[in-house]
2 protein chains.
Amino acid sequence: MKEIKKRSECPISFCLDFFGDKWAILIIRDMILNDKTTFGDFLRSDEGIATNILTDRLKMLETEGFIVRYPVSGKARIGYCLTEKGISLIPVIIEMALWGAAQNINGYRKEFGIQLKKDKAGVIKQLAMKLTEKYITIKSDMENNFLN
Amino acid sequence: MKEIKKRSECPISFCLDFFGDKWAILIIRDMILNDKTTFGDFLRSDEGIATNILTDRLKMLETEGFIVRYPVSGKARIGYCLTEKGISLIPVIIEMALWGAAQNINGYRKEFGIQLKKDKAGVIKQLAMKLTEKYITIKSDMENNFLN
DNA sequence: CAGGATCCCATAGGATACTG
DNA sequence: CAGTATCCTATGGGATCCTG
């Protein structure tokens with residue numbers, strides 16, 4: 001598994017050492033903005049991640065405490081959900097989205113960029129609430145199943 | 001020179017395709033937060049960038065319009081300065097710093113994180129003003145030298 | 001469908017020595 | 001001091017096939 005190497009005590013460098021991994025962030029993005037939860041969901045993103053890379057990054061994100069695995073019913077029997085630590089990345093992701101949208105005005109998410117500019121704090125709060133709620137539900141479900 | 005590959009139309013992916021380069025961001029960080037301007041300055045950062053990598057990234061950042069080279073007097077005859085495009089990265093850098101500081105509370109920049117939490121908008125504005133002023137001065141200097 | 005296993009190669013980037 | 005050049009190795013990651 002690709003491991004995170006801390007190169008210095010600088011918080012920005014620290015952030016980059018994790019965050020600099022392009023694939024990992026795209027998975028987080030998909031969870032935050034696109035409501036994706038399963039292996040297949042992530043696989044189908046436009047950037048075209050390979051299965052071995054996806055497996056690797058999901059493991060890494062789980063090991064580092066950004067996401068948790070949980071059982072689901074249906075064809076895909078595994079889901080992934082952001083933890084509090086994962087949710088804490090929302091502001092960084094949003095700031096990246098704003099910058100990317102500003103540079104890349106023809107991108108298909110121009111609307112999203114504009115919405116963000118209007119009400120960044122609101123969007124962040126709303127996303128965080130939604131994801132936290134989901135996380136809490138899943139956590140309690142898992143604890144209950146464990147007890148039974 | 002390492003080239004930037006755009007993998008999709010997503011603004012976050014777009015941001016990552018550039019921003020995901022850990023070395024490039026550390027150079028930008030040094031310019032924004034540590035007032036570094038010369039090759040030697042960047043070389044001396046804690047993360048220990050190699051000379052070939054540094055050269056490569058400086059070229060890339062210049063090509064992509066994030067920085068400009070300018071002549072200076074003294075031992076180091078070349079300086080680097082952020083353009084408007086480079087300055088536009090401040091909010092992303094700051095958000096990363098905040099996240100990094102929150103995760104890595106023992107880092108030597110805890111104080112910086114706390115200051116940021118108290119007055120993020122103010123810090124961003126102040127940094128942007130300072131850097132813009134510098135950029136404008138250097139730009140007009142260079143234009144004058146070119147005319148003479 | 002989730003993910004493991006393999007093969008294989010392009011390339012990032014460290015170390016080091018050199019130049020103007 | 002600001003790069004250049006070269007060598008060399010680790011590894012990221014694409015493609016493909018396999019399994020429970």
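None of these values were measured; they are calculated from a predicted model. Just so you know, these numbers use all the heavy atoms, side chains as well, and skip hydrogens, waters and symmetry mates.
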Asker: Rounded to the nearest Å, what distance is computed from the CD1 atom of residue A:Ile4 to the C1' atom of nucleotide D:dT11?
Answerer: 16 Å

Asker: Looking across every strand, which nucleic acid part, if any, lies under 4.0 Å from A:Arg69 by heavy atom: base, sugar-phosphate, or nothing?
Answerer: sugar-phosphate

Asker: Regarding B:Asn52, tell me which of base, sugar-phosphate or nothing describes its non-hydrogen contacts under 4.0 Å with the strands shown.
Answerer: base

Asker: With a 4.0 Å cut-off on heavy atoms, is B:Ile78 in touch with a base, just the backbone sugar-phosphate, or nothing at all?
Answerer: sugar-phosphate

Asker: What's A:Thr55 touching, base or sugar-phosphate or nothing? Going by heavy atoms closer than 4.0 Å.
Answerer: sugar-phosphate

Asker: Would you say the side-chain atoms of A:Thr83 pair up with the backbone N or O of A:Gly65, donor to acceptor, closer than 3.5 Å?
Answerer: yes

Asker: In whole angstrom, give the distance that lies between atom CG of A:Asp21 and atom C1' of C:dA12.
Answerer: 14 Å

Asker: In Å, rounded to the nearest 0.5 Å, how long is the span from CD1 of A:Ile90 to CG of A:Leu33?
Answerer: 8.5 Å

Asker: Taking any heavy-atom pair under 4.0 Å as a contact, classify A:Arg57: base, sugar-phosphate, or nothing.
Answerer: sugar-phosphate

Asker: Please report the distance, rounded to the nearest Å, between CD1 in B:Ile67 and C1' in D:dA2.
Answerer: 14 Å

Asker: Where the side chain of A:Ile53 is defined as all heavy atoms beyond and including C-beta, which of C:dC1, D:dC1, D:dG13 is the nearest nucleotide?
Answerer: D:dG13

Asker: Calculate the interatomic distance between A:Asp41 atom CG and C:dA2 atom P; express it in whole Å.
Answerer: 8 Å

Asker: Keeping the roles fixed (side chain from B:Asp56, backbone from B:Asn52), state whether a donor-acceptor pair exists under 3.5 Å.
Answerer: no

Asker: Let's see if you can work this out: which of C:dG13, D:dA2, C:dA17 has an atom nearest to the side-chain heavy atoms of B:Thr51?
Answerer: C:dA17

Asker: Would you classify B:Lys59 as touching base, sugar-phosphate or nothing, given that sugar-phosphate means primed atoms plus P, OP1 and OP2, and contacts are heavy atoms under 4.0 Å?
Answerer: sugar-phosphate

Asker: Should we count NZ of A:Lys2 as having more than 12 external heavy atoms under 6.0 Å?
Answerer: yes

Asker: Quickly work out the A:Asp56 CG to D:dG12 P distance and round it to whole Å.
Answerer: 8 Å

Asker: Quick check on DNA chain D: between A:Ala50 and A:Lys5, whose nearest nucleotide comes earlier from the 5' end?
Answerer: A:Lys5

Asker: Grab the CG-P distance between A:Leu16 and C:dA12 for me, whole Å please.
Answerer: 17 Å

Asker: Which one, D:dG14, C:dG13, D:dG3, comes nearest to the side chain of B:Phe39?
Answerer: D:dG3

Asker: Pick base, sugar-phosphate or nothing for B:Phe42, based on heavy-atom distances below 4.0 Å to the nucleic acid.
Answerer: nothing

Asker: Do the side-chain N or O atoms of A:Tyr70 get closer than 4.0 angstrom to the phosphate oxygens (OP1, OP2) of C:dA2?
Answerer: no

Asker: Does a side-chain N or O from A:Thr38 land closer than 4.0 Å to OP1 or OP2 of C:dA2, or not?
Answerer: yes

Asker: Is it the case that the side chain of B:Lys36 and the backbone of B:Arg44 share a donor-acceptor pair, with hydrogens and angles ignored and the cut-off at 3.5 Å?
Answerer: no

Asker: May I ask you to evaluate whether A:Lys75 reaches the phosphate of C:dA2, defined as a side-chain N or O under 4.0 Å from OP1 or OP2?
Answerer: no

Asker: Round to a whole Å and report the spacing from NZ of B:Lys2 to C1' of D:dT11.
Answerer: 14 Å

Asker: From CG of A:Leu54 over to P of C:dA5, roughly how many Å is that when rounded to an integer?
Answerer: 16 Å

Asker: Is it the case that atom NZ in A:Lys6 sees more than 12 heavy atoms from other parts of the structure closer than 6.0 Å?
Answerer: yes

